Amino acid sequence: MTQHPDIAEAIEGELRLLDPAVRSSRALATELLDPEFVEIGASGRRWTYEEMLAALPDLTGSTENGPHHEAGSFTGAVLAPGIVHLTYECVHDGRHVRRSSLWRRTPGAAGGTPLRMYYHQGTPAPEGFRCSAEVAQD
């Protein structure tokens, strides 16, 4: 089955946002986050675009020599032209989290404009749950 190009683009963007080189660079993160971005983190904290850009370089997973985010089991759906919903599982420093994000093209922009993350939410997985990203590493 062929994956829709917008879903593939959103997954690529999601993986880039987990990359320490992108997380530690405001310029690179800005390319991937929508100016109206909002996140509800696994901790329950609400993050705005500016708050996330300011904090991202200092969050765990933002250095090459620290713990990294391992993501897997991506699923995606095109909700409308230029709007993609992704879900996936992530393991970071022993924490298992289910994640969901919405990616969109800038309204009114030409088709060549990249998708940017508009909304993101992390939900801690139940105790004893093993994310597929971790299972794949065993």
Side-chain angles (χ1 to χ4, degrees):
M1 183 170 144
T2 304
Q3 187 175 64
H4 191 284
D6 284 356
I7 294 172
E9 182 182 347
I11 292 171
E12 180 183 329
E14 196 80 53
L15 291 171
R16 285 186 61 211
L17 279 168
L18 297 176
D19 182 334
V22 173
R23 296 172 70 80
S24 62
S25 167
R26 183 180 178 99
L28 293 176
T30 298
E31 293 175 8
L32 295 166
L33 296 180
D34 188 280
E36 295 179 19
F37 170 83
V38 173
E39 175 173 332
I40 307 299
S43 67
R45 178 177 175 174
R46 182 181 187 277
W47 298 84
T48 65
Y49 174 78
E50 285 300 328
E51 289 170 336
M52 182 55 71
L53 287 175
L56 199 55
D58 297 323
L59 295 175
T60 61
S62 298
T63 61
E64 288 295 334
N65 58 354
H68 293 108
H69 295 270
E70 301 295 334
S73 293
F74 282 92
T75 60
V78 177
L79 302 179
I83 300 177
V84 174
H85 178 229
L86 289 183
T87 59
Y88 65 100
E89 299 168 355
C90 190
V91 179
H92 176 71
D93 204 19
R95 286 184 63 200
H96 301 260
V97 179
R98 291 186 171 137
R99 299 195 174 273
S100 176
S101 58
L102 291 173
W103 290 76
R104 72 174 184 177
R105 294 195 195 284
T106 304
T113 303
L115 289 169
R116 294 164 88 183
M117 185 184 283
Y118 172 74
Y119 178 80
H120 186 77
Q121 183 165 353
T123 303
E127 182 119 359
F129 177 79
R130 286 193 62 179
C131 294
S132 62
E134 182 181 61
V135 173
Q137 292 177 3
D138 288 347

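Source: prediction; values computed, not measured.
- Note: Ser25 OG to Glu31 CD = 7.5 Å, rounded to the nearest 0.5 Å.
- One hydrophobic cluster, built from ILVMFWY side chains closer than 4.5 Å, holds both Leu56 and Leu15.
- For the atom pair CZ (Arg23) and CG (Leu32), the distance works out to 11.5 Å, reported to the nearest 0.5 Å.
- Both Val78 and Leu86 are part of a single hydrophobic cluster, where members link through side-chain heavy atoms under 4.5 Å apart.
- Note on Phe37: it clusters hydrophobically with Leu28, by side-chain heavy-atom contacts below 4.5 Å among ILVMFWY residues.
- The residues Arg26 and Glu50 are annotated as salt-bridged, a charged nitrogen and a carboxylate oxygen being separated by less than 4.0 angstrom.
- In this structure, the side chain of Arg105 engages the main chain of Thr113 through a donor-acceptor pair within 3.5 Å.
- A 4.5 Å side-chain heavy-atom check between Ile11 and Gln3 finds at least one atom pair inside the cut-off.
- Residues Arg46 and Thr48 have side chains in contact (heavy-atom distance under 4.5 Å, counting atoms from C-beta outward).
- Remark: Asp34 CG to Trp103 CH2 distance equals 10.0 Å, nearest 0.5 Å.
- With values rounded to the nearest 0.5 angstrom, Glu89 atom CD is found 12.0 Å from Thr123 atom OG1.
- The two residues Ala77 and Ile7 come nearest to each other via the heavy atoms N-CD1, 3.9 Å.
- Of the possible polar contacts, one joining the Ser24 side chain to the Pro20 backbone as a donor-acceptor pair under 3.5 Å is found.
- How far OH of Tyr49 is from CG of Leu33: 6.5 Å, rounded to the nearest 0.5 Å.
- Remark: Glu14 CD to Leu17 CG distance equals 6.5 Å, nearest 0.5 Å.
- In terms of heavy atoms, Arg99 sits closest to Cys90 at NE-CB, 3.8 Å.
- Hydrophobic clustering (ILVMFWY, side-chain heavy atoms < 4.5 Å, transitive): Leu53 and Leu115 are in one cluster.
- The two residues Arg116 and Thr30 have their closest heavy-atom pair at NH2-O, 3.0 Å.
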**OP:** Could you walk me through whether Met52 and His120 pass side chain to side chain contact (heavy atoms under 4.5 Å, CB included), step by step?
**Re:** CA-CA 11 Å; Met52 182 55 71; His120 186 77; over 6 Å; no
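- Note on Val22: it clusters hydrophobically with Trp47, by side-chain heavy-atom contacts below 4.5 Å among ILVMFWY residues.
- For Glu51, the CD atom is densely surrounded, since the number of other residues' heavy atoms within 6.0 Å is greater than 12.
- You'll find the ring centres of Phe74 and Tyr88 inside the 6.0 Å limit.
- Residues Glu39 and Ser101 are not in side-chain contact: their nearest non-hydrogen atoms beyond the backbone lie 4.5 Å or more apart.
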